[in-house]
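So the structure is just underneath, and the comments pick up after that.
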Amino acid sequence: MNKRFITFEGGEGSGKTTIINRLVKDLEEKGIKVLKSREPGGSKISEQIRNVILGVENVKMDYITEALLYAASRRQHLEEIVKPALNEGYLVICDRYIDSSLAYQGYARGLGIDEVYNLNYYATGGLLPDLTIFIDVIPEEGLSRISKNNRSKDRLDLEQMDFHHRVREGYLELVRRFPERIKIVDGNGNLEEVYLAVKKIVFENI
Ligand code: TYD
């Protein structure tokens, strides 16, 4: 089956953004119409919600509030950006989607994967990606990349190491639950190797 809605997942500093940018360029060079977007955000309303969720001043945010805001941002982005693009025949590539909520809020925050899945099922009307690529990086490696690049840290980057390990465990659990949809790529090597592994999976599936 042709995969039209592809999402990327991974912990902090997994290299998703760089990989997606290269992939989009290669797909466009093949004449494929691609829409690239990201979560949380990707539309004006969703970006506003993103600022509330990730604002460093919002340390008091309740975990369920956080999960609801991610789901709200997702809904808006889906209706406003993703669905219209899919209907117009674009290949949609999204940096994070439902699995981020399942790994971060469901597993790492402890709200429960099933509970957060149900919330997101409602928010998305059950629209799952056709293909998800999880770039698996050991948290110590990912976070050291962020500090080397001097990228500014948001509220979630500042979580304890233990949290980032739980996020990774959450993703590994999702790979076990959805083996058909989620493909795992070892992201610890050099970026070129990681990119080639990702490119192979995507080009075999579209
Ligand atoms: P972002 O700056 O986009 O990070 P990255 O470059 O790592 O994708 O910040 C997104 C943060 O939000 C990231 O820490 C993961 C988190 N997140 C969730 O906890 N749940 C979600 O549903 C989504 C979409 C993101």
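One-based numbering along the sequence shown. Just so it is clear, the values below take in all heavy atoms, side chains as well, and ignore hydrogens, waters and symmetry mates. As the structure lists them, so they are numbered: ligands from 1, and atoms in each ligand from 1.
Looking only at atom types and distance, the side chain of Gln105 has no donor-acceptor partner in the side chain of Tyr63 under 3.5 Å away. With 3.5 Å as the limit, one finds a donor-acceptor pair spanning the side chains of Tyr195 and Asp26. Side-chain N/O atoms of Ser101 and Arg74 include a donor and acceptor closer than 3.5 Å. At a cut-off of 3.5 Å, with distance as the only test, no side-chain donor of Glu39 or Ser46 sits close to an acceptor on the other residue. For the residue pair Glu169 and His164, no side-chain donor N or O sits within less than 3.5 Å of a side-chain acceptor on the partner. At a cut-off of 3.5 Å, with distance as the only test, no side-chain donor of Asn205 or Lys183 sits close to an acceptor on the other residue. Using modelled atom types, one finds no donor on one side chain facing an acceptor on the other under 3.5 Å when comparing Arg38 with Tyr97.
The proximity of Glu66 to ligand 1, defined as any non-hydrogen pair under 4.0 Å, does not occur for either the backbone or the side chain. Looking at His77 against ligand 1, nothing comes within 4.0 Å, counting heavy atoms. At a heavy-atom distance under 4.0 Å, no atom of Ile98 approaches ligand 1.
The nearest heavy-atom contact from the protein to atom 20 (N) of ligand 1 is Gln105 OE1, 2.8 Å. When only non-hydrogen protein atoms are considered, atom 11 (C) of ligand 1 lies nearest to Leu156 CD1, 3.8 Å. Nearest protein neighbour of atom 12 (O) of ligand 1, counting heavy atoms only, is Tyr70 OH, 2.9 Å. Here the protein heavy atom with the shortest distance to atom 7 (O) of ligand 1 is Arg96 NH2, 3.0 Å. Among all non-hydrogen protein atoms, the one lying nearest atom 6 (O) of ligand 1 is Arg151 NH1, 3.5 Å. Taking atom 9 (O) of ligand 1 as the reference point, the nearest protein heavy-atom neighbour is Asp154 OD2, 3.6 Å. Scanning all protein heavy atoms for the shortest distance to atom 24 (C) of ligand 1 gives Arg74 NH2, 3.5 Å. Considering only non-hydrogen protein atoms, atom 2 (O) of ligand 1 sits nearest to Arg50 NH2, 3.1 Å.
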Do Lys16 and Asp95 pass the salt bridge (Lys or Arg N to Asp or Glu O under 4.0 Å) test, and can you show the C-alpha distance, the side-chain angles, and the key distance before you say yes or no? CA-CA 7 Å; Lys16 278 185 291 102; Asp95 188 345; 2.6 Å; yes
From CA spacing to verdict: salt bridge (Lys or Arg N to Asp or Glu O under 4.0 Å), Glu173, Arg176: CA-CA 5 Å; Glu173 170 62 23; Arg176 284 191 285 274; 3.3 Å; yes
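Counting the atoms of ligand 1 from 1 in the order shown, those under 4.0 Å from a heavy atom of Glu12 are 7 (O), 13 (C), 14 (O). Residue-ligand proximity, Tyr104 to ligand 1, at heavy-atom distances under 4.0 Å covers atoms 14 (O), 15 (C), 18 (C), 19 (O).
In this structure, Arg38 has no heavy atom closer than 4.0 Å to ligand 1.
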